[in-house]
Amino acid sequence: MDDAPPPTDHVLRPHHVDLLTILVFAFKEPDCKDIPPAFLLHLYRTLLNEISEVSRPKSHFDLMKTVCHGPSADSEKSQRVIAAIKAVYTCSWGTVQHSDLTSADQITNFFANLPSLFVEKAEDEPPVLMRRSIFGYFSRRCFVSFIKLSFFGVVKLQKDYQSWCRGDTSAGYDPIVKDQMSNTDLLIFKTQADKKSWAKPDAYEA
């Protein structure tokens, strides 16, 4: 059993940051409460499809388009959610960028605030996302993966994410080669899964 592969490793990709942004503004922000059931179900389905990764991730443009054109999207409360999500993205000279994540410090602060989604504040006050729920597990996994990154890895993630938002769908999706010479500068905390490559099916096999 010593040669058994470890649990699947997790690498932060640009679309993960988009999904976390939607989770934050859809379920944490006080102005985005009482979402109409039809639009809430649409958000659940969109997030579940992307988080499960049974198909290739949508581009930033396609993901935003899907989120903004669901059932009851024209209602006042749905528009508050959509406006809150859109507000963090700015357009300049035909390009899009996440205005709150334009530096390594900003993306670090973004991930530093993620535990507020899944950490209990008090025994009688449940967290926004239950730790063992799909969304809670996804948020925690992304948070842990970010903690493992070195400063170089944080800068690379931030730059790849902004390039991805501008339409470069290949940015941030380069394969990670696991050897002592290639990824030591990306990670400062390594698990067994980060040190050795294991045979596994192709991505998005389903």
If you measure from [atom1] on [X] to [atom2] on [Y], what distance do you get to the nearest 0.5 Å?
X	Y	atom1	atom2	answer
Lys159	Leu101	NZ	CG	15.0 Å
Arg45	Thr66	CZ	OG1	13.5 Å
Tyr137	Cys142	OH	SG	10.0 Å
Cys68	Gln79	SG	CD	8.0 Å
Thr46	Leu63	OG1	CG	7.5 Å
Ile82	His69	CD1	NE2	8.0 Å

Would you please test Val154 and Phe146 for side chain to side chain contact (heavy atoms under 4.5 Å, CB included) and show each step? CA-CA 8 Å; Val154 172; Phe146 184 83; 3.8 Å; yes

Using 4.0 Å as the upper bound for N to carboxylate O, is an ion pair formed by Lys156 and Asp174?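 Yes.
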
Is there a path of hydrophobic side-chain contacts, each under 4.5 Å between heavy atoms of I, L, V, M, F, W or Y residues, that connects [X] with [Y]?
X	Y	result
Leu48	Leu129	yes
Val119	Phe143	yes
Ile147	Val24	yes
Met130	Phe118	no
Leu41	Val81	no

Hey, does the side chain of Arg140 reach the backbone of Arg131 with a donor-acceptor pair shorter than 3.5 angstrom?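 At least one qualifying donor-acceptor pair exists.
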
Is a donor on one side and an acceptor on the other found under 3.5 Å between the side chain of Glu50 and the backbone of Pro57?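 Flag not set: sc Glu50 to bb Pro57 has no pair under 3.5 Å.
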
Measuring only between side-chain heavy atoms, which start at C-beta, is [X] closer than 4.5 Å to [Y]?
X	Y	result
His15	Trp164	yes
Lys77	Ile35	no
Ser103	Gln158	no
Thr21	Phe110	yes
Pro14	Tyr173	yes

Residue pair Val67, Ile85: steps toward the side chain to side chain contact (heavy atoms under 4.5 Å, CB included) verdict: CA-CA 10 Å; Val67 168; Ile85 296 173; 4.3 Å; yes

Tell me whether the rings of Phe138 and His16 are parallel (<30°), tilted (30 to 60°) or perpendicular (>60°).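 The rings of Phe138 and His16 stand perpendicular, inter-plane angle above 60°.
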
Parallel, tilted or perpendicular: rings of Phe27 and Tyr44 (30°, 60°):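 Taking Phe27 first and then Tyr44, their aromatic rings lie parallel (interplane angle under 30°).
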
Under the criterion side chain to side chain contact (heavy atoms under 4.5 Å, CB included), I'd like the reasoning laid out for Leu20 against Ser139: C-alpha separation, chi angles, the key distance, then a yes or no. CA-CA 7 Å; Leu20 291 170; Ser139 301; 4.0 Å; yes

Atom CG of residue position Asp74 - does it have more than 12 heavy atoms of other residues, nucleotides or ligands inside 6.0 Å?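 For Asp74, atom CG is not crowded (no more than 12 foreign heavy atoms under 6.0 Å).
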
Other residues, nucleotides, ligands: >12 heavy atoms within 6.0 Å of Ile134 CD1: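 12 or below, so no.
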
For residues [X] and [Y], is any side-chain donor paired with an opposing acceptor at under 3.5 Å?
X	Y	result
Tyr161	Asp18	yes
Thr108	Asp105	no
Ser75	Ser78	yes

What are the two closest non-hydrogen atoms of Phe151 and Ala104, and how far apart are they?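 Phe151 and Ala104 have their closest heavy atoms at CE1-CB, 4.1 Å.
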
Gly172 versus Asp160, closest heavy-atom pair with distance: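 Closest pair (atom of Gly172, atom of Asp160, distance): CA-OD2, 3.4 Å.
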
Check step by step if side chain to side chain contact (heavy atoms under 4.5 Å, CB included) holds for Ile107 and Gln162. CA-CA 11 Å; Ile107 198 169; Gln162 295 293 5; over 6 Å; no

Phe135 pairs by side-chain contact (heavy atoms from CB on, under 4.5 Å) with which of Val128, Leu23, Leu117, Leu19?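 When side-chain contact (heavy atoms from CB on, under 4.5 Å) is applied between Phe135 and each of Val128, Leu23, Leu117, Leu19, only Leu23 qualifies.
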
